[in-house]
There are 2 protein chains.
Amino acid sequence: MQDADLSIKKDDIDLFASLSDSEFLEVKDLFHYKKYKKGAFIIAENDLVKHVYFIRSGLVKLSCFDDDHKEFILSFAHENWWETDFPAFYNQTKSTLTLQCLEDTETYGLSFDDYTAILDKHSLSKYFLEKSIKGHIANQNRILSLLKHKPKEQYEQFLQLYPSLLQRIPKSVLCLYLGISRETLSRLYKTR
Amino acid sequence: MQDADLSIKKDDIDLFASLSDSEFLEVKDLFHYKKYKKGAFIIAENDLVKHVYFIRSGLVKLSCFDDDHKEFILSFAHENWWETDFPAFYNQTKSTLTLQCLEDTETYGLSFDDYTAILDKHSLSKYFLEKSIKGHIANQNRILSLLKHKPKEQYEQFLQLYPSLLQRIPKSVLCLYLGISRETLSRLYKTR
DNA sequence: TTAAGAAAGTGATTTCGGTCACACGTCCAT
DNA sequence: ATGGACGTGTGACCGAAATCACTTTCTTAA
């Protein structure tokens, strides 16, 4: 294995695009590479959430569990997304959510202190603002389809928005995201 | 009516807090004051969405209508919130959402061009990023309570998070936000 | 190759919440 | 004061989806 494989490169994260070469060299070591196996937890319940994670490759789910251990999926995050338990990250408190890999995945972790530092020093807040707005719009669409609570429409919206994800996510997991039972989901996409 | 009443002051919008007096003078004229009566539309369907609105006082609802004119409420916005039809604002296209006043409300509108300009010139992106992250966390909580779709829990979460809003919003409107029928909402808070 | 487990399909039954219908009260404007 | 608009409460009914129980198919690892 060569050295080159272990060090982060400028086009590994789109965040670096707006930085000069010297700025990139300043910040590159703040991003900590880590590899997880399918099924591994990046964040487990009650972890202290020290990092926000850039997903370099793979697929993860951000979930919440209720009192009877029923799972609900807040979001899927795949290549080029940032994800973490945001309430816990921002307040530097214990997680109430879990972040678990649906595939082998590679991440770059950025600590809270380093995150706040680069916002100020390199005015990268515009980058994160854009990501956040996109997320906000996606969330609103999600809320809308949940409000309408028509299982068929929800499934079809997912199909339309994320056709490529459909192959990567088991139906038994997808239903935890759509908020419908495994059985109705199964019955859905055959009667169409 | 005196002059002073018509001009924007530094503590009218928390955004101005991070600006020096001279910076404030530079940008203050970009914010356009407008007053709406209860029931008025700030954004009607198919409007070109030119502004993002800071709610100075009052209460508005951001809604979506489906094909049979059924209404769904994406969010309520009250004092010190920014609101608009974000997809339409960011792409400068026609609105698919409506923004309507539940009370007499005062707003400061900021145009898209001026918005993008002040992000760069005065690095106010950190301010908007913080607002956006807060919105993101609120949206995730909302998604979670919709996923669980237990009417009782949804109502109780709203009660807990926004107790003061409860008095300002008719039950017949609240149910469009909670995603439950007027009747079940009515039956809910007496059998507890 | 096979055994074990995970994921998915399907029928039967139940239940929660939506819809419909109507009554009641309050607040204005005529 | 009267009529109308609006917001709300409540009963009866019905249907879509959850739940339960079981089978079948697909993975994966020994």
Side-chain angles (χ1 to χ4, degrees), chain A residues 36-41 58-61 63 65-73 76 100-104 143-159 165-192, chain B residues 37-41 59-61 63-73 76 100-104 144-159 165-192:
Chain A
Y36 297 86
K37 286 237 163 283
K38 176 175 172 175
F41 286 88
L59 179 62
V60 300
K61 63 179 162 76
S63 304
F65 292 84
D66 71 6
D67 306 328
D68 0 311
H69 310 285
K70 210 177 154 187
E71 181 176 5
F72 303 93
I73 297 181
F76 298 112
Q100 189 183 11
C101 301
L102 292 171
E103 302 173 353
D104 290 0
I143 287 171
L144 216 46
S145 86
L146 285 169
L147 275 179
K148 296 182 183 170
H149 49 60
K150 299 270 177 227
K152 189 172 257 166
E153 284 182 37
Q154 278 172 242
Y155 174 72
E156 261 149 24
Q157 180 174 333
F158 189 88
L159 187 76
L165 276 189
L166 208 66
Q167 279 94 50
R168 299 166 69 181
I169 300 171
K171 303 276 178 289
S172 54
V173 170
L174 179 59
C175 66
L176 303 175
Y177 175 90
L178 296 177
I180 61 186
S181 75
R182 209 186 40 77
E183 293 90 336
T184 47
L185 177 59
S186 169
R187 279 160 186 137
L188 242 161
Y189 50 90
K190 31 182 34 203
T191 60
R192 67 185 197 89
Chain B
K37 287 235 163 287
K38 176 176 172 173
F41 286 88
L59 180 62
V60 300
K61 63 178 161 76
S63 305
C64 177
F65 292 85
D66 71 6
D67 306 327
D68 2 309
H69 309 286
K70 209 176 156 188
E71 183 176 3
F72 303 92
I73 296 182
F76 298 113
Q100 189 183 12
C101 301
L102 291 171
E103 302 173 354
D104 291 358
L144 216 46
S145 86
L146 285 169
L147 274 179
K148 296 180 183 171
H149 49 58
K150 300 269 177 229
K152 189 171 258 165
E153 284 183 37
Q154 278 171 244
Y155 174 73
E156 262 149 24
Q157 179 174 334
F158 189 88
L159 187 76
L165 276 189
L166 208 68
Q167 280 94 49
R168 298 166 69 181
I169 300 172
K171 303 274 177 292
S172 53
V173 170
L174 179 59
C175 67
L176 303 174
Y177 175 90
L178 296 177
I180 61 185
S181 75
R182 218 200 73 242
E183 293 89 337
T184 47
L185 177 58
S186 169
R187 278 158 187 140
L188 242 161
Y189 51 92
K190 31 182 36 201
T191 60
R192 69 188 194 86

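The sequence lines fix the lettering, A, B, ..., with proteins before strands; numbering per chain opens at 1. Keep in mind that this is a model prediction, so the values were computed, not measured.
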- Message: Tell me every residue that passes salt bridge (Lys or Arg N to Asp or Glu O under 4.0 Å) with B/Glu183, counting only those two or more places apart in sequence or in another chain.
- Response: none
What integer distance in Å separates [X]:[atom1] from [N]:[atom2]?
X        : N      : atom1 : atom2 : result
A/Asp68  : D/dA18 : CG    : P     : 16 Å
B/Leu146 : C/dG17 : CG    : P     : 14 Å
B/Leu174 : D/dG9  : CG    : C1'   : 16 Å
B/Arg187 : D/dC13 : CZ    : C1'   : 11 Å
A/Leu185 : D/dA16 : CG    : C1'   : 15 Å
A/Glu153 : D/dA16 : CD    : C1'   : 14 Å

- Task: Establish, with yes or no, whether the OP1 or OP2 oxygen of C/dG17 is under 4.0 angstrom from a side-chain nitrogen or oxygen of B/Thr184.
- Result: no
- Message: Tell me every residue that passes side chain to side chain donor-acceptor pair (under 3.5 Å) with B/Arg168, counting only those two or more places apart in sequence or in another chain.
- Response: B/Glu79, B/Glu103
- Item | A/Thr184: side chain to side chain donor-acceptor pair (under 3.5 Å) partners, not counting sequence neighbours | A/Ser181
- Which residue lies more 5' along DNA chain D, comparing A/Glu183 with A/Lys150 via nearest heavy atoms: A/Lys150
- Note on the structure: Each nucleotide of nucleotides 25-30 of chain D classed B (base within 4.0 Å of a protein heavy atom), S (only sugar-phosphate) or -, in 5' to 3' order, makes ------
- Protein heavy-atom contacts under 4.0 Å, written 5' to 3' over nucleotides 3-8 of chain C as B (base), S (sugar-phosphate only) or - (none), form the string ----SB
Set of side chain to side chain contact (heavy atoms under 4.5 Å, CB included) partners for [X], sequence neighbours left out:
X        : result
A/Gln154 : A/Ser145, A/Leu146, A/His149, A/Leu178
B/Cys101 : B/Tyr36, B/Ile42, B/Val60, B/Thr105
B/Lys171 : B/Leu185, B/Tyr189

- Message: Holding to ring pair (Phe, Tyr, Trp, His ring centres under 6.0 Å), I want the full list of residues that pass it with A/Phe158, two or more places apart in sequence or in another chain.
- Response: A/Tyr162, A/Tyr177
